[in-house]
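Here is the structure we will look at, set down as structure tokens.
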Amino acid sequence: MMAKTKAELERVLSNPVEFIKRLKIIDKTGKLIALVPNAEQIEIIKALETGGETLILKGRQIGSSTIVAAYFFWKTYVSKEPTTFAILSHKLASSKHLLTMHKIFYDNLPKFLQKELEVSNTTELKFKDSGAKIIAVSAGAEGGIRSFTCSYLHMSEYAFSPNPEELKATALNALNNGQLVIESTANYFNDALHQEWVKWLRGEAKWNALFFPWFLHKEYSIDPDAGFRLTEWEEELAKKFNLSLSQIAWRREKISKIGLDKFKREFPADIDDAYSQTGNVYFKQEDFGELDIVPVEPIEWNVFCRPDKDDVYSIGVDVAAGVNRDYSVIYVVSKKTYNCVAIYRSKLIVPTGLAKRIQEIATDYNKALVLVESNNFGNVVLNELRHLGYYNIWQQDGKDWLTTSKSKTEMFENLKSVINDGYIRTIDMITYQELRALQLTDKGSVEIPDNMDSHADSALAMALSYVCLKSVTLKVKPFLPNWVNAKQVARTIQNTGAAIGQKRRY
């Protein structure tokens, strides 16, 4: 469509969607076609227009890389200032590949939109009138961005970078209060992309976070055959995600070709699907299949159930230094329900202050039995607890808990057994994410990945609390059926001739 008037030209240039509709791309068959944004791509454009940092966890065929490139091609093209849009990858070849897409955009623009270029080579596209440019750079020495600043920066397939920490550090150093866009498919649980997603879920990072489940893509449906019937599992999926028979039919056919595991990775329905790959993870997705994953506020004190006078509780404590790095976590569990009733998390509380907080919480929860690992700062906490006069502290053979490679594996084995046996019905999102990130080494021991910000503090506290719970016993009498209590009363009267007092004397 050609612009007939100056007003029409201004309308196209001022509207990213209208401009993008004039761009061309090469499709999977090698044909040059018009770029017509789909519904998911429109949502990405809306997020980018806010100017905020954007994180996109994508499935296949959504075209997120294409639409991000198209949006920033428009942004650079209409700029009146010498702004810089950078395509950043760990390897320069990857960035150059995306820059090729921008060149295709330019080469196939309608003549009324094309303007003169000052530079056009394998690493740069620069417009003569404004000096605005699009550059391909890498985090390494070749074509590095360390000597540049930019207003906009795009990282594609971030989760597959061999050194994502270096890549992100390079991006943040280069951005001059500009806009960062990270988009990627999932690689493995706790990969670099997942780490950013978890930070966003916790409220620790301000992202425009976008995820597009496969069933939102209109093309993913086919007409089912006559007599098509849903399996029991498909019925549950259809109900959970409001899927049509045509969508289920498409899903079934796709799974028959690539398998269920690959389907979940390539076409996730939710975040759990995207990160359902097993690999060397210790806890698999199916371990939590029957649990409710509960979102929690990123605050210090989350209470799920107040103390029950007829219940008894255990507490597991993971101790940190209180210098705004790792978390100190107090994890409170009910013997009656086997579920968590409260969690305290803080990066700032010092060990002596943590002991005071443990005393307060444990006393509130019916003088709960407390297990504190004695490693490092744990000894400070244990000594302070005893100094405060709190002695209901877990010990085995007169010794406090010491976390070693062996005991760590044992406590997580105990936790996995409790989960798989169906005792636990709910788990908070933060602890769930940490448990899913744990890995199993070749020697069979449980390992905490180095790239975890929290070092699995909540997961460790939870595992300790269930070790502690084994030493906790419920009071029998309050939970006896009424008819049993009545018989006991009758037997006492018959044997002693005395009635039971209504109030206990002390």
Side-chain angles (χ1 to χ4, degrees), residues 57 186-191 193-195 197-202 211 213 232-237 239-241 260-265 267-298 302 304-305 314 316 318 327 329 331-334 337-343 345 408-440 446-449 452-467 469-470:
L57 173 55
N187 189 5
Y188 58 88
F189 200 94
N190 198 48
D191 63 27
L193 179 72
H194 189 254
Q195 282 286 307
W197 197 269
V198 169
K199 289 176 188 175
W200 172 71
L201 287 173
R202 290 181 175 180
F211 169 74
E232 183 178 343
W233 176 239
E234 287 173 337
E235 286 180 355
E236 291 181 15
L237 283 174
K239 184 177 180 180
K240 180 178 180 180
F241 298 114
L260 179 59
D261 288 344
K262 191 172 181 180
F263 178 86
K264 285 184 175 182
R265 183 176 69 248
F267 305 97
D270 53 21
I271 303 301
D272 282 343
D273 269 2
Y275 284 102
S276 62
Q277 304 93 317
T278 54
N280 62 339
V281 295
Y282 180 70
F283 282 100
K284 298 178 175 60
Q285 183 185 7
E286 52 265 32
D287 288 327
F288 301 92
E290 301 300 321
L291 273 68
D292 291 327
I293 313 297
V294 181
V296 290
E297 295 293 325
N302 277 283
F304 309 113
C305 293
S314 70
D318 185 68
Y327 283 90
V329 181
Y331 200 94
V332 189
V333 176
S334 158
T337 67
Y338 264 72
N339 284 303
C340 177
V341 294
I343 306 174
R345 294 184 178 96
K408 181 168 63 178
T409 300
E410 288 174 350
M411 73 184 189
F412 279 119
E413 279 294 305
N414 173 67
L415 179 59
K416 179 178 273 193
S417 176
V418 173
I419 291 173
N420 289 336
D421 289 344
Y423 287 100
I424 301 175
R425 306 304 301 169
T426 62
I427 187 172
D428 70 284
M429 178 62 76
I430 293 174
T431 307
Y432 165 75
Q433 298 282 5
E434 292 184 4
L435 289 173
R436 285 283 282 116
L438 297 175
Q439 297 179 354
L440 193 64
V446 180
E447 183 179 70
I448 299 168
M452 288 188 69
D453 288 344
S454 64
H455 295 90
D457 307 308
S458 296
L460 286 164
M462 180 184 185
L464 291 171
S465 70
Y466 283 93
V467 170
L469 193 66
K470 292 196 294 184

Determine whether Arg425 and Thr337 satisfy the following criterion, side-chain contact (heavy atoms from CB on, under 4.5 Å), listing intermediate values before the conclusion.
CA-CA 9 Å; Arg425 306 304 301 169; Thr337 67; over 6 Å; no
Test log, rule side chain to side chain donor-acceptor pair (under 3.5 Å), inputs Asp191 and Tyr275:
CA-CA 9 Å; Asp191 63 27; Tyr275 284 102; 2.9 Å; yes
If you apply the rule side-chain contact (heavy atoms from CB on, under 4.5 Å), what do you find for Phe189 with Gln433, and how did you get there?
CA-CA 9 Å; Phe189 200 94; Gln433 298 282 5; 3.4 Å; yes
Run the side-chain contact (heavy atoms from CB on, under 4.5 Å) test on Val333 and Met462 for me, step by step, so that the C-alpha distance in whole Å, both residues' side-chain angles and the decisive distance to 0.1 Å come before the verdict.
CA-CA 8 Å; Val333 176; Met462 180 184 185; 5.9 Å; no
Under the criterion side-chain contact (heavy atoms from CB on, under 4.5 Å), I'd like the reasoning laid out for Asn339 against Ile424: C-alpha separation, chi angles, the key distance, then a yes or no.
CA-CA 6 Å; Asn339 284 303; Ile424 301 175; 3.5 Å; yes
Run the salt bridge (Lys or Arg N to Asp or Glu O under 4.0 Å) check on Asp272 and Lys264 step by step: do they pass?
CA-CA 9 Å; Asp272 282 343; Lys264 285 184 175 182; over 6 Å; no
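Under the 4.5 Å side-chain criterion, counting only non-hydrogen atoms from C-beta, Ile271 is in contact with Trp197. Looking at Glu297 and Asn302, their side chains come closer than 4.5 Å, going by heavy atoms from C-beta outward.
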Tabulate below the donor-acceptor pairs under 3.5 Å that side-chain atoms of residues 410-417 make, not counting sequence neighbours, or state none.
{"residue": "Glu413", "atom": "OE2", "partner": "Tyr282", "partner atom": "OH", "Å": "2.5"}
{"residue": "Asn414", "atom": "ND2", "partner": "Tyr466", "partner atom": "O", "Å": "3.4"}
{"residue": "Lys416", "atom": "NZ", "partner": "Tyr282", "partner atom": "O", "Å": "2.7"}
{"residue": "Ser417", "atom": "OG", "partner": "Asp421", "partner atom": "OD2", "Å": "3.4"}

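Partners of Thr426 according to the side chain to side chain donor-acceptor pair (under 3.5 Å) rule, which considers only residues two or more places apart in sequence or in another chain, do not exist here. In this structure, Phe304 has no ring-ring contact (aromatic ring centres under 6.0 Å, His included) partners at least two apart in sequence or on a different chain. In this view, Asp287 satisfies the salt bridge (Lys or Arg N to Asp or Glu O under 4.0 Å) rule with no residue, not counting sequence neighbours. Glu234 meets the salt bridge (Lys or Arg N to Asp or Glu O under 4.0 Å) test with Arg252; sequence neighbours excluded. Partners of Lys239 by salt bridge (Lys or Arg N to Asp or Glu O under 4.0 Å), not counting sequence neighbours: none found.
Interatomic distance, OG of Ser458 versus CG of Asp428, reported as 6.5 Å (0.5 Å rounding). Rounding to the nearest 0.5 angstrom, the gap separating the CG atom in Leu438 from the CD atom in Glu447 is 10.0 Å. Separating the CG atom in Leu201 from the CD1 atom in Ile430 is a distance of 9.0 Å, to the nearest 0.5 Å. Here the straight-line distance linking atom CG of Leu237 with atom CZ of Phe241 works out to 6.5 Å at 0.5 Å rounding. Once rounded to the nearest 0.5 Å, the distance linking CZ of Arg345 with CD1 of Ile343 reads 4.5 Å. Separation of atoms CD1 (Ile427) and SG (Cys340) is listed at 8.5 Å; rounding is to 0.5 Å.
The environment of Glu235 atom CD is dense: over 12 non-hydrogen atoms of other residues, nucleotides or ligands sit within 6.0 angstrom.
Heavy atoms only, all atoms of each residue included: Ala269 and Pro213 are closest at O-CB, 3.2 Å. For Leu435 against Ala459, the heavy-atom pair with the smallest separation is CD2-CB, 3.5 Å. Of all non-hydrogen atoms in Gly316 and Ser465, the two that sit nearest each other are N-CB, 3.4 Å. Here the closest non-hydrogen pair linking Pro268 and Ala274 is CB-N, 3.5 Å. Nearest heavy atoms, Ala186 versus Leu57: N-CD1, 3.9 Å.
Taking the six-membered ring for Trp and thresholds of 30 and 60 degrees, Phe283 and Phe288 have ring planes inclined between 30 and 60 degrees apart.
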